[in-house]
Amino acid sequence: MSKKKATIITYGCQMNVNETAKMTRLLEGNGYEMTDDIHDSDAVFLNTCTVRGGAAGRIEGKLGNLKTIKNARKTKMIIGVTGCVAQEEKEHILERAPHVDIVIGNQNIAQLPEIMEKILKGEVVHAVLTDKEDELPPRIDANFGDGISASVAINYGCNNFCTYCIVPYVRGRERSVPMEDIVNDVRKYVKKGYKDILLLGQNVNSYGKDFDNSHEINFAKLLDEICQIEGDYWIRYVSPHPKDLTLDVLEVAAKYPEKIARNMHLPVQSGSTNMLKAMNRKYTKEDYLALVDRIKTALPDISLTTDIIVGFPGETEEDFLDTMDIIKKVKYENSYMFMYSVREGTPAATMEGQISEEVKKSRLQRLMEVQNENAKECSLSYVGKTVKVLVEGPSHRNKEKMTGRISANKVVIFEGDSSLKGTFVDVKIVTAKTWTLYGELA
Ligand code: 5AD
Ligand code: SF4
């Protein structure tokens, strides 16, 4: 009998990518072979995101599409919804989409094999497992596919309640993973040959604040412990909250220039102090700029990236120009820019001064133009330099060339052999476009 097949479609952030890797491992352990072809799948999971309305809408569409496929299929097809939409909507998903068999929240994915078995045996018709919102999920192994990049969640949940954000409502309160577990996981992945390890948390700087011995353990200490692990790898982390980024983190990063990647994603959200206050971000424009100065002084070779929201309720042209100003001043290598999206149940959803879609679109467009210029300037600054590149494999566009990333997370294309995949090489940058560097092996 041929193996059963399963597909997981992942939406949203790196935490979802991490949870997909765990589900992959669970499904494989239960005899499933993973495929991208939903038509050929005995089980399809949507690992969902609800951070902005657009993401949630795409999932609705996909569920409609899956219904048609399921109805046309001769054999049983399990449809599961996991991730933040599952956590947020719970059994309500079944009201709108009764063809869904399983709704499973972020803390409960370990129960996947057991519940699938019950459904296949007919012992259960629909399963909704979305409790334990505020617990640490059980440690489960993951399969990250490419064997090069792995991620490790260091803390879950968020206590910040930025007024636009749904995350604290769906991912619960902040809770940290014990340091030994994280260090052991990183050691395990390094031993298996992974070269790029991403530490994950909604606010990595909160790491350890919920521990009894929080005066001894914090994010800087964790980074230092991880860097004691021997091997050829680098560590990245997302995301620090600007209000909590402490000097000791910068000191540890300075101490390990080879091990801690030279990229920091530091979400600013807005350049306007008024908007930041309304967003409950707890820093001003000046605080943020002073922090960037401190970072650039401690780590002169750092590349900064950010998240920005345009069109938050009450945002005036003047507020928007403050955001423009900040991206011009900081010169981010990349910015993830979003139009404000109403999330029901958050304070901003009912604030006065909601901005029209038209104004949001035009502000986003204006920001993008400036950001593209910045990105191009950053890219051009690499020309003539030799950089360390982690080789990811043949380029999608041109199989003759190899693609990889530098510590600052920029993509590099160069001529090389596919045997270099998963190794670090030195590449001399010859030319650059806005988002990509081109070079030759040094
Ligand atoms: N509307 C638009 N963008 C949002 N983000 C979070 N919530 C919203 C929202 N309601 C953005 C923030 C955050 C990123 C992950 O998503 O910029 O940093
Ligand atoms: Fe959302 Fe703010 Fe928490 Fe980030 S820090 S997850 S934006 S509430």
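In each ligand, atom 1 is the first atom listed, and ligand 1 is the first ligand listed. Quick caveat: nothing in here was measured; it's all calculated off a predicted structure. Position 1 is the first residue of the sequence, and the numbers go up from there.
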Tell me, with the steps shown, if D196 and R405 meet salt bridge (charged side-chain N to carboxylate O under 4.0 Å, His left out).
-> CA-CA 10 Å; D196 171 51; R405 270 169 206 275; over 6 Å; no
Please assess Y207 against F219 for the test ring-ring contact (aromatic ring centres under 6.0 Å, His included), listing each intermediate value before the final yes or no.
-> CA-CA 5 Å; Y207 179 73; F219 184 54; 7.2 Å; no
Using the side chain to side chain donor-acceptor pair (under 3.5 Å) rule, take T130 and Q87 through it: C-alpha gap first, then chi angles, then the decisive distance, then the call.
-> CA-CA 6 Å; T130 51; Q87 195 67 54; 4.8 Å; no
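In summary, of the residues considered (D36, T7, T35), a side chain to side chain donor-acceptor pair (under 3.5 Å) with S41 occurs for T7 alone.
In this structure, atom 4 (Fe) of ligand 2 lies nearest to the protein heavy atom Q202 O, 4.4 Å. Counting only heavy atoms of the protein, atom 2 (Fe) of ligand 2 lies nearest to C162 SG, 2.3 Å. Here the protein heavy atom with the shortest distance to atom 7 (S) of ligand 2 is Y164 OH, 3.3 Å. In terms of protein heavy-atom proximity, atom 4 (C) of ligand 1 is closest to I309 CD1, 3.7 Å. Residue, atom and distance of the protein heavy atom nearest to atom 15 (C) of ligand 1 are D307 OD2, 3.8 Å. The closest protein non-hydrogen atom to atom 5 (S) of ligand 2 is N160 ND2, 3.4 Å. Looking only at protein heavy atoms, the nearest one to atom 2 (C) of ligand 1 is M339 O, 3.4 Å.
Near V167, with a cut-off below 4.0 Å to any heavy atom, the atoms of ligand 2 are 6 (S). Proximity to F161 (heavy-atom distance under 4.0 Å) selects the following atoms of ligand 2: 8 (S). Near P168, with a cut-off below 4.0 Å to any heavy atom, the atoms of ligand 2 are 8 (S). When each atom of ligand 1 is checked for a heavy atom of R343 under 4.0 Å away, the hits are 10 (N).
Atom 1 (Fe) of ligand 2 does not have C158 among its coordinating residues (no N/O/S atom, backbone or side chain, under 2.8 Å). At a threshold of 2.8 Å, atom 3 (Fe) of ligand 2 has no backbone or side-chain N, O or S atom of H241 nearer than that distance.
Under a 3.5 Å cut-off, the side chain of T163 and the backbone N or O of A278 do form a donor-acceptor pair. Of the possible donor and acceptor atoms, none in the side chain of S407 sits under 3.5 Å from a partner among the backbone N and O of A261. Side-chain atoms of R262 come within 3.5 Å of backbone atoms of I260 as a donor-acceptor pair (strictly under, hydrogens ignored).
Selection from C13, G12, S341 by nearest heavy atom to atom 1 (N) of ligand 1 gives S341. One option in C165, C13, P267 has a heavy atom closer to atom 1 (Fe) of ligand 2 than any other, and that option is C165.
Of the N and O atoms on the side chains of H265 and D307, at least one donor lies less than 3.5 Å from an acceptor on the other residue. In this structure, a donor-acceptor pair under 3.5 Å is present between the side chains of T50 and E88. Side chain to side chain, N18 and S151 meet the donor-acceptor criterion of an N or O pair below 3.5 Å.
Note on ligand 2: R171 sits outside its first shell, no heavy atom being nearer than 4.0 Å.
Taking the six-membered ring for Trp and thresholds of 30 and 60 degrees, Y332 and Y288 have ring planes inclined between 30 and 60 degrees apart.
Counting heavy atoms closer than 4.0 Å to ligand 1, residue V51 contributes atoms from both its backbone and its side chain. Contact annotation for Q269 and ligand 1: only side-chain heavy atoms (C-beta onward) come within less than 4.0 Å of the ligand. At a heavy-atom distance under 4.0 Å, atoms from both the backbone and the side chain of Y164 approach ligand 1.
In terms of N/O distances under 3.5 Å, ligand 1 is approached by R52.
Aromatic pair F161/Y169: centroids less than 6.0 angstrom apart.
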